[in-house]
There are 2 protein chains.
Amino acid sequence: MVTIKEVAKKAGVSVATVSRVINKNGYVKESTFEKVQHAIQELNYRPSAIAVSLNNKKTKTIGLILPDITNPFFPELAKAVEEVANSNGYTMILCNSSGTLKNEIEQIEMLQSKYVDGIILASDSYVEEDYKHVNLPMVLLDRGANPRNSSIRVNNYYGGVLATEHLLEQGCTKIAHLAGPKDVFTAQQRLEGYQSVVEDMEWFDKKLVAYANYQLEDAITATKELLNQNIGIDGIFAGNDLMAIGCLKAIHSFGLSVPEDIAVIGFDGISLTNMIIPELSTIKQPIYEMGKEATNQIIKEIEGNETESRDIEFDVTLIQRESTNRKRRPGCEDGAKSKDNGNR
Amino acid sequence: MVTIKEVAKKAGVSVATVSRVINKNGYVKESTFEKVQHAIQELNYRPSAIAVSLNNKKTKTIGLILPDITNPFFPELAKAVEEVANSNGYTMILCNSSGTLKNEIEQIEMLQSKYVDGIILASDSYVEEDYKHVNLPMVLLDRGANPRNSSIRVNNYYGGVLATEHLLEQGCTKIAHLAGPKDVFTAQQRLEGYQSVVEDMEWFDKKLVAYANYQLEDAITATKELLNQNIGIDGIFAGNDLMAIGCLKAIHSFGLSVPEDIAVIGFDGISLTNMIIPELSTIKQPIYEMGKEATNQIIKEIEGNETESRDIEFDVTLIQRESTNRKRRPGCEDGAKSKDNGNR
DNA sequence: CCTTAACATGTAACCGGTACCATATTACCT
DNA sequence: AGGTAATATGGTACCGGTTACATGTTAAGG
């Protein structure tokens, strides 16, 4: 790699002058400026980001910690973060925590020693206590904000209400909920939304709530158990889209059809939902927007324009598709713009 | 951040001694060692990766450039890279090139100025010429190797043969191919595999080959055009899984069923294939293995154990599922282990 | 007991930039 | 012309580590 010294030599000036040219600060005579620029071109010189970082303690890098990159929710988020970061001159280091606290802590340590400027953390296991020693800007996803950290999330409770009410409107008379893990914040909120709608219905029964770990396989098992009870379930609100797809598969294996026998709605709005047959109704989170906002916020905090932590809540929207369309209007409305751009 | 100087002061030794303790090299008296370790603990000191990098010109970082992280193929790959990298003490910077040469070049420049130790590049647009000035280890995905760069890929040609023959075995009598972009290496190879099997069949016709851009929407359109020809297609080999899903949707919209009317097989083996109904037969690439091997290779090259470039080809395997099961044996075999672990 | 090698630790140059300070030159004003 | 301000450039300490070299101490061997 060619260094600033070689450029200085070639241009016949000092390193200080070269530095001034690069950063366009301080006084530099027009003719000198060009001489230096020319040398830079000639040698194909690029300043070492490492050396720069050592001085100003900024690396123009942000860390993104996700529980699982293979869950379709997160690539959409990661894409937003990467794009916004890039367009602001930052790069993104991606870490996969597998959802365990131990990995998260380790990765945060590592990111700190690499001097990232800030961290965006999507954590299931977050407890404020565990992150006390983190002393750089950190934005949380799907968590309530605390005095130290900003937070980006949606109104999961309201989403739960919306989903459940939608099933009622579609004529469902006994609605089950396939909830996410009991210790996960978003899962709790969605469950509460469901409960608030159904708890006073005469048909409501605790046996209508099942739990799974937000994953597909687990959801299939749990749904089969729900249906084996034979209590006349004709609608299922799944805690996320992946589990909703599990529901579809379980229902299919019972020889029942969706939405005729059982209507199904998911939560998240991942692009998978309009790839499958039948297309899946869902409560859509503005995933890209959330990633974008998280990145903007962390950059604000890094660059010091913003000191106090913010709590940003996005709206969820109901996307009705085939899987809950029991009213058989031909050509159901589809609020989702198809935004697939898989390339391979 | 606490520096080595503060540790030295606290332990009552010089920075050199602290450095020796950290790196466990050189002579350090047992008692001194412990004194220093204690000070490190006390101050919760971590060496600055930046400063270390400035010395040894190694950042323990590798860059991964992908055309599109929201395409399900790539998160699986990224996960492998991240895990293997991490377990070798490396971190991964992720870049989304959107498949354009311009972005790729820009991102490589950026990665170089950040002094990444190596790059793994999954590129559709790669032309050796464009990367002449890249002077750090780089491993290519889905490209033939060249003298400068190692390559990881599968035998796409053979996969095309396998898929096509499988459809024949299932009793298909007129097989179409929905190919990927004409200028993409993998797409060409898969098409050639298909052609080698069918070109001598009496029913073969150029009109059986359609092109789409490896994406879902485009595949739906293309499939509809194929079917509108009304030439009795009863089997489709799609160039990748995403397009196969597009086929499914298009076929469904014609009121036809899979596999009874038309059998469909994809290519890639993304986990999506066993989430949908009907489950999709596919030519599976060992995605995780490929990411793992790419990472191992780049690390070898970085650490200088390996200088010559290697061309590593993986085998593809046929996974038969419902979408091609025309022989109606109840309970088709499923070679794919379900490895979903979406968490959300 | 003296010599020599192994052990132990400190000093300082260096990695590649940035930025403060010093010095030199030019421009402008009275 | 003389003084001051603005312009132009160079020298160098510093960021936080690593490491070659110097120096001092201890152990071993004859």
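Remark: A:Thr59 pairs with A:Asp117 by the side chain to side chain donor-acceptor pair (under 3.5 Å) rule, at least two apart or across chains.
Across the interface with DNA chain C, nearest-nucleotide mapping of A:Lys5 and A:Val18 shows A:Lys5 to be the residue nearer the 5′ end.
Judged purely by atom type and a 3.5 angstrom limit, B:Ser151 has no side-chain atom pairing as donor or acceptor with the backbone of B:Leu141. A donor-acceptor contact shorter than 3.5 Å is absent between the side chain of A:Ser98 and the backbone of A:Thr100.
Considering every non-hydrogen atom in both B:Asn103 and B:Ser97, the closest pair reads ND2-O, 3.0 Å. For B:Thr295 against B:Val81, the heavy-atom pair with the smallest separation is OG1-CA, 3.4 Å.
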**Item:** B:Arg310 and B:Lys300: CA distance, side-chain angles, deciding distance, side chain to side chain contact (heavy atoms under 4.5 Å, CB included) verdict
**Value:** CA-CA 11 Å; B:Arg310 295 202 300 153; B:Lys300 262 189 210 161; 3.7 Å; yes
**Request:** List the steps and the verdict of side chain to side chain contact (heavy atoms under 4.5 Å, CB included) for B:Ile302 and B:Tyr90.
**Result:** CA-CA 11 Å; B:Ile302 288 168; B:Tyr90 285 77; 3.6 Å; yes
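Across C:dG10, C:dT18, C:dG17, the shortest atom-to-atom separation from the side chain of A:Ser19 is found for C:dT18. The side chain of A:Thr3 lies closest to C:dG17 when the candidates are D:dG16, C:dG17, C:dA12. Considering only the side chain of B:Thr32, C:dT9 comes nearest among C:dA12, C:dT18, C:dT9. Distance from the side chain of A:Arg20 is smallest to C:dC21 among D:dC21, C:dC21, D:dG17.
One atom, CG of B:Asn23, and another, C1' of D:dG16, lie 13 Å apart when rounded to the nearest Å. Atom C1' of nucleotide C:dG16 and atom NZ of B:Lys114 are separated by 16 Å, given to the nearest angstrom. Atom CD1 in A:Ile22 sits roughly 13 Å away from atom C1' in C:dA19 (whole-Å rounding). If you measure from atom CD of A:Glu30 to atom P of C:dT26, you get 17 Å, rounded to the nearest angstrom. Distance NZ (B:Lys9) to C1' (C:dT9): 19 Å, rounded to an integer number of Å. When rounded to the nearest whole Å, the span between NZ of A:Lys24 and C1' of D:dA8 equals 17 Å. Computed from coordinates, the A:Phe33 CZ to D:dT7 P distance equals 16 Å when rounded to whole Å.
Using a 4.0 Å cut-off between charged nitrogen and carboxylate oxygen, A:Glu106 and A:Lys102 count as a salt-bridge pair.
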Between protein and nucleic acid, restricted to nucleotides 5-7 of chain C and to nitrogen or oxygen atoms under 3.5 Å apart, what atom pairs and distances do you find?
{"residue": "C:dC7", "atom": "OP2", "partner": "B:Tyr27", "partner atom": "OH", "Å": "2.6"}

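Within residues 39-59 of chain A, the residues that place at least one heavy atom under 4.0 Å from DNA chain D are, in residue-number order, A:Leu54, A:Asn55, A:Lys57.
Counting non-hydrogen atoms of neighbouring residues, nucleotides and ligands closer than 6.0 angstrom, the NZ atom of A:Lys292 reaches no more than 12 such neighbours.
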